[in-house]
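Report on the following structure.
In this text, all values refer to a predicted model and were calculated from it rather than measured experimentally.
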Amino acid sequence: MASIKKRPDGKWRARYRDAEGKEHARHFDKKVDGQRWLDEVTASIVTGQYVDPKAGRETFQTYAEQWRAAKPHRPSTAKAVEQHLRRYAYPAFGKRRLSSITTSNVQSWATGLTKTHKLAPSTVRTVFNTVAAVFRAAAKDRKIARTPCEDIDLPAIPRKKIAPLSVAQVLALAEHMPNRYRALVVVGAGTGLRPGELFGVQVRHINFFKRTLDVEQQVQQTTGQGVRVCELKTASSYRTVPLPQVVIDALAQHLRDFPAEHDGFVFTAPQGGPITYTHFMDNVWRRAVTAAGLPAGTGPHALRHAYASALIAAGESVKVVSERLGHTNAAMTLNVYAHLFPDSEDRTRRAIDAAFQDHADSVRTGTDGGTAPPQVSH
């Protein structure tokens, strides 16, 4: 219900009640201005875009903390989100009202992440995505009419070309691993599993008869040295990977040396139980990398890259490579591995030359559907 009346002081009082029955009023010098305001409010209510004028008075930090507490983030994600907000967002926006933060404010803040905080472009985007998620939620909750995070210019992320390990380097790394983890290197390079997925493999996931491995879970490290078995990264991460003979042999030998129950983990910590990532990196992986003479900074993901490069070199399509890696889509695969796919320029040249050559041959033999060269009489 809306109405507009003239007050004794000559001003016009426009008022309306929202869906919750709350009354809102404003005063105008001219009736036409008051009516225009009521029309705009009515239109926003009808189209579902109405925002309570008082809703945006809540501070960014107050709303962001409520949002953060309600989100079902995994422990690692929850930790990252808390750090993004506390270190970078709250100093800039924490005490400000949601409705007072503009697109220009967000742009200045995002630019400052690079210039002032010296964050890498990829980190800037990660922090920005956290803040953008908060504002999107605020808009959905009708705290603000629209998010101020639209059309923000972010620093470009330079593409790094992956230099995959060779088979010789993979085998050298396996050779310098403790016996408990030699098969882990072969399985990683022979299946392309992410480190957490590799640590999460249990005997029940392996089908030696069908020569397949079901990727159904991962092991993540929690605060300190704790671990948890949890869901995979995305829906497409759930997949069945074909096992080559080299992996079958490595797994069979490993399970003979380190037997495990049907529901037991294939690769375990020395004291038993799931592998803790930081302990594995500090006490096993980095030592083996150094001993094998591999480039400094080579991480477990290098096994995944070696797997992808082997598939690409064998002529597998980007679609197949994407499915084997558990990527969300082929674009993600190309974003990382495009430079490894063979250059198609020569194939293009051969295809066009072949097409024209076929035509020329048909003309010479008179099989070109009546377009053979005319006979010349002498």
Electrostatic pair [X]-[Y], nearest N-O below 4.0 angstrom:
| X | Y | result |
| --- | --- | --- |
| Glu82 | Lys79 | no |
| Lys143 | Asp141 | no |
| Arg239 | Glu197 | yes |

Using 0.5 Å steps for rounding, measure from the [atom1] atom of [X] to the [atom2] atom of [Y].
| X | Y | atom1 | atom2 | answer |
| --- | --- | --- | --- | --- |
| Lys5 | Ser3 | NZ | OG | 6.0 Å |
| Lys11 | Asp33 | NZ | CG | 10.5 Å |
| Glu58 | Gln66 | CD | CD | 4.5 Å |

Check your understanding: Among pairs that include at least one residue of residues 147-157, which meet side-chain hydrogen bond (donor to acceptor under 3.5 Å, both in side chains), considering only residues two or more places apart or in two chains?
Key -> Arg146-Glu150
Who passes ring pair (Phe, Tyr, Trp, His ring centres under 6.0 Å) against [X], sequence neighbours left out?
| X | answer |
| --- | --- |
| Tyr337 | His305 |
| Tyr277 | none |
| Tyr181 | Phe280 |
| Phe258 | His254 |

[X]: which residues meet the salt bridge (Lys or Arg N to Asp or Glu O under 4.0 Å) condition with it, sequence neighbours left out?
| X | value |
| --- | --- |
| Arg125 | none |
| Asp263 | Arg204 |
| Asp282 | Arg286 |
| Arg256 | none |

Study note, to complete from the structure: Apart from Val167 itself, members of its ILVMFWY cluster (side-chain separation under 4.5 Å) are Leu171
Check your understanding: So which pairs with a foot in residues 115-169 pass ring-ring contact (aromatic ring centres under 6.0 Å, His included), sequence neighbours left out?
Key -> Phe60-Phe135, Tyr88-His117
Point to revise | Single-linkage hydrophobic cluster Phe208~Leu243, side-chain heavy atoms < 4.5 angstrom | key: yes
Check your understanding: Are Val320 and Leu325 grouped together when hydrophobic residues (ILVMFWY) are joined by side-chain heavy atoms under 4.5 angstrom apart?
Key -> no
Revision key, fill the gap. Residue set satisfying side chain to side chain contact (heavy atoms under 4.5 Å, CB included) with Ala78, at least two apart, ordered chain then number -> His73
Review point. Is the CD atom of Gln245 crowded by more than 12 outside heavy atoms at less than 6.0 Å?
Key: yes
